[in-house]
Amino acid sequence: MATAKSKSARPRHYWLFKSEPESFGFAQFAREGRTFWSGVRNYQARNLLRDAIAVDDGVLVYHSNAEPMAIVGIAKVVKSGYPDHTAFEPKCDYYDADSDPSDPTWFMVDIECVGAMLPPLTREQCKAEPALVDMVLLQRGSRLSVQPVTAEQWLVILRLGKQKETW
DNA sequence: GCCAACGTTGGC
DNA sequence: GCCAACGTTGGC
């Protein structure tokens, strides 16, 4: 009898999450080990969080508005999309009065820290790498805070950052 | 449904 | 600090 094993698993997908170190930096994430990635208030990013990002996917953590701007760490998804409760908390910066708890507008995922990118792989280094010219991150005017990374880009980035595939 | 005005993001 | 690019809002 066929077992679940014979089903082809969904291939791992890869993502890049932006954060501003002033509000939630990688250091804090690494200390805590795991976090819920809340506060995304953009529909395109929301759709990825809700529909596309799955457990065990790989995540690059990127610092924007930082010196230097860089990919600073690697994480993996440990819980797929579920309602972002910070939208329901009036005192929270990310409160959204229009998000109804019975039909939430905003979603988040949980990620676990895999390791720091040491040293960080800077935006400049990424721009200098021909294999990364198509990265969403590097496109003119790109503002998406949760964005897809191809498997090829992921491998190039880990190689440039002297990281191993660690899981 | 159009689109001008506005607020935000985020690199530079 | 500047400002281009973008997403959202709201009048019509």
Side-chain angles (χ1 to χ4, degrees), chain A residues 13-32 35-53 57-75 77 80-111 113-114 116-150 152-163:
Chain A
H13 293 198
Y14 302 96
W15 313 96
L16 181 144
F17 290 7
K18 288 184 196 172
S19 80
E20 301 203 11
E22 297 243 337
S23 51
F24 184 78
F26 185 77
Q28 182 184 349
F29 175 42
R31 231 171 14 248
E32 297 173 359
T35 192
F36 49 88
W37 201 264
S38 62
V40 173
R41 297 292 179 267
N42 165 282
Y43 286 100
Q44 200 177 340
R46 185 282 308 270
N47 292 346
L48 296 176
L49 290 168
R50 187 189 58 189
D51 306 328
I53 300 177
D57 280 357
V59 175
L60 301 169
V61 178
Y62 174 81
H63 278 173
S64 62
N65 278 322
E67 183 50 49
M69 290 173 276
I71 294 167
V72 291
I74 297 169
V77 177
S80 61
Y82 64 105
D84 180 347
H85 58 78
T86 66
F88 311 135
E89 296 162 8
K91 289 191 193 127
C92 180
D93 284 348
Y94 302 120
Y95 177 62
D96 177 6
D98 295 333
S99 184
D100 175 355
S102 70
D103 183 19
T105 307
W106 305 114
F107 284 72
M108 61 187 182
V109 300
D110 289 358
I111 61 174
C113 187
V114 171
M117 184 80 88
L118 281 176
L121 183 67
T122 66
R123 181 181 184 85
E124 282 306 307
Q125 289 174 278
C126 292
K127 283 203 296 195
E129 170 53 55
L132 299 179
V133 289
D134 291 329
M135 272 191 86
V136 175
L137 181 71
L138 302 180
Q139 304 313 300
R140 180 178 175 77
S142 173
R143 286 166 42 175
L144 201 57
S145 65
V146 170
Q147 54 182 252
V149 171
T150 68
E152 292 77 12
Q153 291 162 353
W154 172 269
L155 288 173
V156 169
I157 287 162
L158 291 197
R159 178 169 54 74
L160 288 176
K162 310 226 177 345
Q163 303 289 312

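Please read all numbers here as calculations on a predicted model, not as lab measurements. Protein chains get the first letters and strands the later ones, always in sequence-line order, with residue 1 at the start of each.
- One can place CG of A:Leu138 at 13 Å from C1' of B:dG10, the figure rounded to the nearest angstrom.
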Counting primed atoms plus P, OP1 and OP2 as sugar-phosphate and everything else as base, spell out the protein contacts along nucleotides 2-7 of chain B at 4.0 Å heavy-atom distance: B, S or - for each nucleotide, 5' to 3'.
-----B

Between A:Ile71 and A:Gln125, is a side-chain contact (heavy atoms from CB on, under 4.5 Å) present by the stated rule, with each step listed?
CA-CA 10 Å; A:Ile71 294 167; A:Gln125 289 174 278; over 6 Å; no

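- For A:Trp15, the ring pair (Phe, Tyr, Trp, His ring centres under 6.0 Å) test picks out no residue, with sequence neighbours left out.
- Counting heavy atoms from C-beta on, the side chains of A:Met69 and A:Tyr62 come closer than 4.5 Å.
- At a threshold of 4.5 Å between non-hydrogen side-chain atoms, the residues A:Tyr14 and A:Gln153 do not count as touching.
- If you measure from atom CD of A:Gln147 to atom C1' of B:dG10, you get 12 Å, rounded to the nearest angstrom.
- With A:Val146 as the fixed residue, the side chain to side chain contact (heavy atoms under 4.5 Å, CB included) test singles out one of A:Val40, A:Asn47, A:Asn42: A:Val40.
- Residue pairs meeting the side-chain hydrogen bond (donor to acceptor under 3.5 Å, both in side chains) criterion with at least one member in residues 134-149 of chain A: none, sequence neighbours excluded.
- Applying the salt bridge (charged side-chain N to carboxylate O under 4.0 Å, His left out) rule to A:Arg41 yields the partners A:Asp84; only residues at least two apart in sequence or on another chain are considered.
- Between A:Asp96 atom CG and C:dT8 atom P there is a gap of 12 Å when expressed in whole angstrom units.
- Rounded to whole angstrom, the span from the CD atom of A:Gln139 across to the P atom of B:dC12 amounts to 12 Å.
- Straight-line distance from the NE2 atom of A:His63 to the P atom of B:dC12: 18 Å, rounded to whole Å.
- What separates CG of A:Asp98 from C1' of C:dT9 is a distance of 12 Å, to the nearest Å.
- In the region residues 122-132 of chain A, proximity to DNA chain B at under 4.0 angstrom, judged on heavy atoms, holds for A:Arg123, A:Lys127.
- A:Glu152 meets the salt bridge (charged side-chain N to carboxylate O under 4.0 Å, His left out) test with no other residue; sequence neighbours excluded.
- What separates CE of A:Met69 from C1' of B:dT9 is a distance of 13 Å, to the nearest Å.
- Between A:Leu137 atom CG and B:dG10 atom C1' the separation is 11 Å, expressed in whole Å.
- Ring geometry, A:Tyr43 versus A:Trp106: the interplanar angle falls from 30° to 60°, so the pair is classed tilted.
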